[in-house]
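Computed from a predicted structure; not experimentally measured. Here, residue 1 is the first one in the sequence, and each next residue gets the next number.
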Amino acid sequence: MADVTTLENVKAAIGVTGSYMDVTISLWIDEVIDYMIGAGVSTAKIATSVGVVARGVNDLWNNGAGNGKLSPYFYDRVTQLAYRSK
């Protein structure tokens, strides 16, 4: 599960208040972070890139079941962060 700070920052970025969706958003955060790690982004870069994590969460959450696609912006930023992680 996503840590509390990341969860709160992502919720703020996507405009979610309250705790009703915390479990769902935490699962999407975990998915996005795992994707970023697999792409070669260091955990240090991920920790300072909550906006990119929020973008990925928003992309997946808003596209619904079966249509979840990450945006070109998310792909571009992950590529940049992976490059900077070397």
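- If you chain together hydrophobic residues whose side chains sit under 4.5 Å apart, Val50 and Ile25 fall into the same group.
- Between the side chains of Thr6 and Asp3, at least one donor-acceptor pair of N or O atoms lies under 3.5 Å.
- With hydrogens and angles ignored, the 3.5 Å screen pairs no side-chain donor or acceptor of Lys45 with any backbone N or O of Gly40.
- Residues Val23 and Ile29 fall into different hydrophobic clusters, defined by Ile, Leu, Val, Met, Phe, Trp and Tyr side chains chained together at heavy-atom separations under 4.5 Å.
- Taken together through direct or relayed side-chain contacts under 4.5 Å among Ile, Leu, Val, Met, Phe, Trp and Tyr, Val32 and Met21 form part of one hydrophobic cluster.
- Rounded to the nearest 0.5 angstrom, Leu70 CG and Tyr35 OH are separated by 6.5 Å.
- A donor-acceptor pair under 3.5 Å is formed between the side chain of Asp30 and the backbone N or O of Ala2.
- Between the side chain of Ser85 and the backbone N or O of Val41 there is no donor-acceptor pair closer than 3.5 Å.
- Under a 3.5 Å cut-off, the side chain of Asn9 and the backbone N or O of Thr5 do form a donor-acceptor pair.
- The backbone N or O of Lys69 sits nowhere less than 3.5 Å from a side-chain atom of Asp59 that would complete a donor-acceptor pair.
- Taking hydrophobic clusters as Ile, Leu, Val, Met, Phe, Trp and Tyr residues chained together by side-chain heavy-atom distances below 4.5 Å, Met1 does not share a cluster with Leu60.
- Here the CD-OG distance, from Gln80 to Ser49, works out to 10.0 Å after rounding to the nearest 0.5 Å.
- Separating the CH2 atom in Trp61 from the CD atom in Glu31 is a distance of 15.5 Å, to the nearest 0.5 Å.
- In this structure, the side chain of Ser19 does not engage the main chain of Asp22 through any donor-acceptor pair within 3.5 Å.
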side-chain contact (heavy atoms from CB on, under 4.5 Å) between Met36 and Phe74, worked out: CA-CA 10 Å; Met36 293 173 74; Phe74 177 80; 4.1 Å; yes
